[in-house]
Amino acid sequence: MGKLKEDFFNYQAKTTLYASGFEVDKAVGNYIYGKDGRAYLDFVAGVSANTLGHSHPKVIQAIKDQADKYLHVMVYGEYALEKPVQICKMLSENVPYPLHTTYLVNSGTEAIEASMKLAKRYTGRQEIISFVDAYHGNSQGSLSLAGRDTNKKPFEPLLPQIKFINFNKEEDLCQITEKTAGVVVETIQGAAGFITPENNYLKKLKDRCEEVGALLILDEIQPGFGRTGKLFAFQWYDIVPDILAMGKGMAGGVPIGAFMASAEMMDTLADHPKLGHVTTFGGNPIPAAAACAVMEELLTTDLMEQVHYKEKLYRDHLIHNEIISINGRGLMLAVQLRSPDFSLKVAERCMKKGLIVFWQFYRNEFLRISPPLTITPEEIKKGCDIILESIDEIAKEF
């Protein structure tokens, strides 16, 4: 065991008892390089965070340019800073009305927390509705929305007045009532295995929210920023949310989050009480500069237009009698194998062969494929070949 790996296990808190401790030397383009001297093709992108791959020159340059000017100067919301203002304006110009005003925060989880607060403040109601198998983060509030009891039980009591309905089940929509402040939903359910909406479900959900005066809060933390071929996945589904939460890929690998709403709605967080939401480092100019670079690249290149073709490449190549299904849309795909144990073994074998894949949080039988948008057709074919070889080898051992 190398010194770095030894120190990692000794001094850094873990999220599981089986962290790999893979020792990273550098990361460039669509590859992560280990201290073992090998290059590993990245099909995960930091769990959908590295939108433009690793160390993208425009993102790195934006960070350097901003660092030469200033870092943190004042708590969020007091001073006008060029890059935070610019990313908010770019978002407003590229999403539908009435989404207009952006509040910059530190993570997707914080964006969800603040979105719930905004829904309660604006409507004067207290009930929040979430979904079975939902995942929105791990702070106390966002964990309250989690659709799996096993993830919540050790930390109860959590937030009161949270109700759960089933994704894609129209019969449950009647549970959204005049008592509901907001409905929090992932445009594509992530931890559950990249489950996409069916039969115009999101439109029917939005209609029900409008009928009873509840706010629709869309969690686009994973599918946002081009991952499905549009800037945000909801743009495929003929709806506009009342509140839009984002994070992960927004700044190409730098921590950031944000939530958007109409100017009228967002103004309610500034009064009665003032500081309805406040954050010291939200809107920091470094991640904001990185986010501007990511947005500019997405808006001025054909990366988003390539997503459909790249998705088709994955689907055309990943054909095997051990692959039960492939869920998802664009470059967020979940490959279902026979069991969690089988899937984990395949992921381990892929790593040994120089390919990084991962698994879904709730459904370990699904292999996660969420590469950088910059992944090339040749790299897709190369990685798919490794997956198929690994499946063949593990199948012989089971």
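Values reported hereafter were calculated over all heavy atoms of this structure, with side chains retained and with hydrogens, waters and symmetry mates removed. Throughout, residue positions are numbered sequentially from 1 according to the sequence presented.
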For a side chain to side chain contact (heavy atoms under 4.5 Å, CB included) check, start with the C-alpha distance between Phe164 and Gln175, then their side-chain angles and the critical distance, and finish with the verdict. CA-CA 9 Å; Phe164 291 87; Gln175 296 184 51; over 6 Å; no
Derivation of the side chain to side chain contact (heavy atoms under 4.5 Å, CB included) call for Gln61 and Asp65: CA-CA 6 Å; Gln61 192 61 52; Asp65 290 346; 2.8 Å; yes
What pairs with His56 under ring pair (Phe, Tyr, Trp, His ring centres under 6.0 Å), at least two apart in sequence or on another chain? none
Would you say [Y] and [X] are linked by a side-chain donor-acceptor pair, where the criterion is simply a distance under 3.5 Å?
X	Y	value
Glu113	His277	no
Glu379	Thr376	yes
Thr109	Asn138	no
Arg148	Thr150	no

Would you say that [X] contacts [Y] through its side chain, given a criterion of any heavy-atom pair below 4.5 Å between the two side chains?
X	Y	result
Gln222	Arg227	no
Lys83	Ile286	no
Leu159	Gln140	no
Val346	Glu322	no

Ile188: hydrophobic cluster co-members (side-chain, 4.5 Å): Phe194, Met332
Rest of the hydrophobic cluster containing Phe155 (Ile/Leu/Val/Met/Phe/Trp/Tyr, side-chain heavy atoms under 4.5 Å)? Leu143, Leu158
For the pair Asn327 (side chain) and Ala334 (backbone), establish whether a donor and an acceptor sit closer than 3.5 Å, ignoring hydrogens and angles. no
Sequence neighbours excluded, the answer for side chain to side chain donor-acceptor pair (under 3.5 Å) partners of Ser325 is Gln336
Sequence-distant partners of Asp36, side chain to side chain donor-acceptor pair (under 3.5 Å), two or more places apart: Tyr40
Do the side chains of Met266 and Val85 join up, straight or via other hydrophobic residues, at under 4.5 Å, putting them in one cluster? no
Would you be so kind as to tabulate the donor-acceptor pairs closer than 3.5 Å made by side chains of residues 353-366, with sequence neighbours excluded?
{"unit_1": "Lys353", "atom_1": "NZ", "unit_2": "Glu393", "atom_2": "OE2", "d": "2.9"}
{"unit_1": "Gln360", "atom_1": "NE2", "unit_2": "Gly190", "atom_2": "O", "d": "2.7"}
{"unit_1": "Tyr362", "atom_1": "OH", "unit_2": "Ala134", "atom_2": "O", "d": "2.7"}
{"unit_1": "Arg363", "atom_1": "NE", "unit_2": "Glu365", "atom_2": "OE2", "d": "2.6"}
{"unit_1": "Arg363", "atom_1": "NH2", "unit_2": "Glu365", "atom_2": "OE2", "d": "2.8"}
{"unit_1": "Asn364", "atom_1": "ND2", "unit_2": "Gln360", "atom_2": "O", "d": "2.8"}

Any ion pair linking Lys3 and Glu6 (charged N to carboxylate O, less than 4.0 Å)? no
Is it true that Arg315 and Glu311 have a side-chain N and a carboxylate O under 4.0 angstrom from each other? yes
Please report whether the ring centroid of Phe43 lies less than 6.0 Å from that of Tyr314. yes
Should the pair Phe234 and Phe232 be assigned to parallel (<30°), tilted (30 to 60°) or perpendicular (>60°) ring geometry? parallel
With salt bridge (Lys or Arg N to Asp or Glu O under 4.0 Å) as the criterion, how do Lys381 and Glu378 come out once you've worked through the C-alpha distance, each side chain's angles and the decisive distance to 0.1 Å? CA-CA 5 Å; Lys381 295 171 187 175; Glu378 293 73 24; 5.6 Å; no
Where do Asp219 and Tyr135 land on the side chain to side chain contact (heavy atoms under 4.5 Å, CB included) test, with the steps shown first? CA-CA 9 Å; Asp219 178 341; Tyr135 177 77; over 6 Å; no
